[in-house]
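Computed from heavy atoms alone, side chains included, the values below leave out hydrogens, waters and symmetry copies. Below, chain A is the first sequence line, B the second, and so on; all start at residue 1.
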Amino acid sequence: MAMGMPYGLQAMLKEGHKHFSGVEEAVMKNIEACKALAQMTKTSLGPNGMNKMVINHLEKLFVTSDASTIVTEMDVYHPAAKLLVMAAKAQAGEVGDATNLVLTLAGELLGNAEVLLRDGLHTSEIAEGYQRASDKALSVLESLVLPGTDTLDVKDKAAVALRLRGAISSKQLGYEDLLAPLIAEACIDVVPSNPHNFNVDNVRIVKIMGGALPDSQVVKGMVLKRDAEGSVKCVENAKVAVYAQGVDTSGPETKGTVLIKSAEELEGYSRSEEEKLEQYVKAIADSGAKVIVSGGAIGEMAMHFIEKYRLLALRIPSKFDMRRFCRATGAVAIVKLQAPQPDELGFAKQIEVRELGGANCVVLQQDASLGSVATLVLRGSTEGFLDDVERAVDDGINAYKALCRDARCVPAGGASEIEMARQVADFGKKQTGLDQYAIARFAEALEVVPRTIAENSGLQASEVLARLYAAHAQGQVNAGVCIESGAPKDLAAEGIMDVYAAKWWAVRLATDAVVTVLKVDQIIMAKQAGGPKPRAGDGDDD
Amino acid sequence: MMPMMGMQPQIILLKEGTDTSQGTPQLVSNINACMALADTVRTTLGPRGMDKLIHDDKGRVTISNDGATIMKLLDVVHPAAKTLVDVSLSQDAEVGDGTTTVVILSGEFLREAKPFVEEGVHPRSIIKSYRQACNLAVSKVKELSVSLEGKGDDEKRELLLKCAATSLNSKLVSGEREFFAKMCVDAVSCLDASTLDLKMIGMKKVIGGGLRDSFLVDGVAFKKTFSYAGFEQQPKSFNNPKILLLNIELELKSEKENAEIRLDDPAQYQSIVDAEWNIIYDKLAKCADSGAQIVLSRLAIGDLGTQYFADRGIFCAGRVPEDDLQRMAKATGARMQTTVNNLDKAVLGTCERFEERQVGGERYNLFTGCTKARTATIVLRGGSEQFIDEAERSLHDAIMIVRRALKHAHVVAGGGAIDMELSRALRDHARSIPGKAQLFINAYAKALEAIPRQLCDNAGFDATDVLNKLRQKHALADGSGKYYGVDVNSGGVVNTFDAFVWEPALVKLNAIQSATEAACLILSVDETVKNPRSEAPDASPMGGRGGGMRGRGRGRGMMRR
């Protein structure tokens, strides 16, 4: 290669680059990679989905069926497959749930596109058909919204728990009755008067090894996995002074030495420092505060006086935890060690040290009127299990957020997908252009949801699908897969529903990602340098 | 050349070096790994269990039959088997005992599930039945447990002794279980009943003497600290002394690191030296003036201080370990001082008696009869270091058991009796349900029998024989046999409840729940993806490609069955 006269792209780019173009070389291979990725996550779909064990590059072990975690930690390398990962991440950011649906649907759509390509369709026709089909599917989805679900009292624990069950049961089947009410309780504790402003960050999750999941509980307030510093371990109805910096003798930032000129100065030196510190701590105690929270170290001398005035001392090294603590108590973090103003003090109903699972934890318990942070204390036997439950709870909290904004729900268990597929297929048949084939394939791809749910539950997928179609043709639009028997069943009656927004975004993002992948017909990879990884560029038409 | 290379990057979905395996074969291999791990610890179960000697990479030798300790030292790298290490550690944290039981149970649940998986049963079906069986077992344990609430103090104490003895029975120190059971119960009853803080029980080890020479101090004991000249002139025993706890150095040294002295006049030099002496004398005087007879400090007390205190008939010790000092504070009611200014009577503590005693080759400071005592110290004696270490772990387990029994005063019959009864109840239940769940619940029931079977195996009895006797007893229609378990002394069966082989119900509950959770977790995994470590850089992009291709290729080969 070196001696020959370079021509074309080779002349343009540095040696060592790679370049692929055309349907066979670029599009098909991209599809193959995306399909392989979707194949991996597919088995995790639905309530009976399997877990994956992923060991990331830091040797941390994840055992999960949460698709966004799987693809993030798997470190996907292939440029086209990365597009799907990005779509999944967008879904996670937008709604926080149904990420697997994005991947599985996109994989299936691409698989079907491959067939169409082999049939001789052009990629742009497929893309066009998919776009139109997805618009149709989304309008069908809107018509499927279950009546009566558009309004929801987000403060009603039972109603919220019912809505959250769907999101939980797809991650931790068998624990949804346990977790949904807990999540609902925690969320309702902190939801502001305008539910649109619900902040996911206000619901904390603390995982403590030991015990079993049924021992989990909700604490209105915070749980910190560390002990209180001093010997005071419990206070009630206390004012709280929060210091962002350490509580210690204040030294100057600039390095300096103290010059001592005479013997008197030497004798008085440490004495004066002590007195100064005592003065500060005394001022804090006099302001009525019974709790001192420090963002940094608490000096030994400071600790001495804190003990002397019987204050509860707490260290919170994490800036984020500190912020939450301030939110939970309504305190203002004071930057400098000085006596707090009355309006800078927070209030805590009860702070005490409890032993949870062999470790001492500081529990800040507020009552209903105070603070805006709630904590879910999860208990379980292994770290991996707890991590997985945490992700399920995270999804649940996100689902609550979605519910606060848009409470509409659609039938679950593949019912919506089947109905969409049915109507999109009908719609396709009415089209005259070549895109009708693409639309038909889109409809077929939607079947993947009920089929996968059935497969993952060990049922006969084709049979289940046939029965579902039959039920839907007879007008039972809410009929979904029953994972016990495989028979079509109205799952909404059992309170299993999907959030409309999650589904809407999933179909949307999956289609977008697929269209993007399809529209790539050339890949140029520059020679890999030491630093950043090669990326795929959307090549111009050749 | 280009097109050929062109084929390759297309297929790399994941980063080079990534290892993936999928499907039933990898599930079976995960199960195998867990079973292998469970097999390592299974011989340690029960009173006749064997110990393990573990020689770690630092050359330290540990002899133990505590499940959690062994698991911790094994340094397991297999991702699935790590789950078992986790459950045993969580059992240790939550209950403190039963760490071997939980590993054996998880291993056994997986072993029973393996043939089903190999036959192509969907793991989810197994998981569902296992969870169901677990719930049934938990409610059955609760039903079978005997409450100790409402009994008199003396009676309760008897019961606690029994629980501690059962726990100790399976340990290295089983020969002296009565002796140690009493010690554990005494130690725990010293503690503050509301928190039962484990840190308030100190454990000191002195090599030499026999196990029987171990003793309990109702207060604090610690080894004599490093001392300077003048120490021997100090009095070594007091009655009702006043005790001062310090967190400062009583030594001649520069006051502050960042202070510097500049003198214009050489004549002032002496005054500075005097000032330093004044400061230290001032501190010492304040300590002495406070009326304290014993001065303890976390930091050093220099030779000047030692001599000064000796002259005034005060006992002092510097560099006392922090946890001991904190327990001193709890025991005597003294408050730790970081400054000697403003000392008042309130910060001094007291105890009934202080003395220095020779224990083996060591000199110990004993503070006994503490008025506000919410603390106790156990001084262990024994032949070798490893032996004492193991004794300490055994006592820790027993103490945890007593703590749990105090908090949740429910016990069940030990010696495998409860496991047999659960197994029988589950089998009965299985017969009443249709479908394949019946098989799985039966498998779960069979797995529970692993505990009595292992007890027999470890004791050298014919497990099949004993198990059959047990099954017969437990199957008696009138329920009279429900407390029958393995008799490790005779090789037969015995009513373990009457024989006072008791376990707190909490240990069993937690073990069953954790083991089921762990087994279900492992069963629910159908794919393992292992990324290369980030430290190993993908140095040569070309060479790495090929490797990545191979890793990827393997995964695909196993993908679909």
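For chain B, the nearby part of A:Glu73 is the backbone; its heavy atoms alone come within less than 4.5 Å. With a threshold of 4.5 angstrom between heavy atoms, A:Ile70 does not approach chain B through any atom at all. Neither the backbone nor the side chain of B:Ile127 comes within contact range of chain A, judged by heavy atoms closer than 4.5 Å. For A:Glu274, the part sitting under 4.5 Å from any heavy atom of chain B is the side chain, from C-beta outward, and nothing else. When heavy atoms are compared at a cutoff of 4.5 Å, A:Lys308 approaches chain B by way of both its backbone and its side chain. Contact annotation for A:Glu455: only backbone heavy atoms (N, CA, C, O) come within less than 4.5 Å of a heavy atom of chain B. Residue contact with chain B, scored on non-hydrogen atoms closer than 4.5 Å, involves the backbone and the side chain of A:Val54 alike.
Between the side chain of B:Ser125 and the main chain of B:Val121, no donor-acceptor pair closer than 3.5 Å is present.
Between A:Glu278 and A:Lys276 no salt bridge is recorded (no basic side-chain N to carboxylate O distance below 4.0 Å).
Each of A:Asn456, A:Asn51, A:Thr43 was scored for a side-chain hydrogen bond (donor to acceptor under 3.5 Å, both in side chains) with B:Asp526, with one residue passing: A:Thr43.
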Just do the side chain to side chain contact (heavy atoms under 4.5 Å, CB included) check on B:Thr338 and A:Met303 with the steps written out, would you?
CA-CA 8 Å; B:Thr338 311; A:Met303 205 58 229; 5.7 Å; no
Would you sort out whether A:Ser65 and A:Lys52 count as a side chain to side chain contact (heavy atoms under 4.5 Å, CB included), showing the intermediate values?
CA-CA 6 Å; A:Ser65 66; A:Lys52 309 280 167 197; over 6 Å; no
Using the rule given for side chain to side chain contact (heavy atoms under 4.5 Å, CB included), can you reason through B:Ser106 versus B:Val87, listing the C-alpha separation, both sets of side-chain angles and the distance that settles it, and then say yes or no?
CA-CA 9 Å; B:Ser106 326; B:Val87 277; 4.2 Å; yes
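Interface check for chain A: of the options B:Ala518, B:Ala80, B:Cys520, the most heavy-atom pairs under 4.5 Å are formed by B:Ala80. Chain A forms more heavy-atom pairs under 4.5 Å with one residue of B:Gln91, B:Lys82, B:His122 than with any other, namely B:His122.
Side-chain atoms of B:Tyr281 and B:Glu276 include no donor-acceptor pair closer than 3.5 Å.
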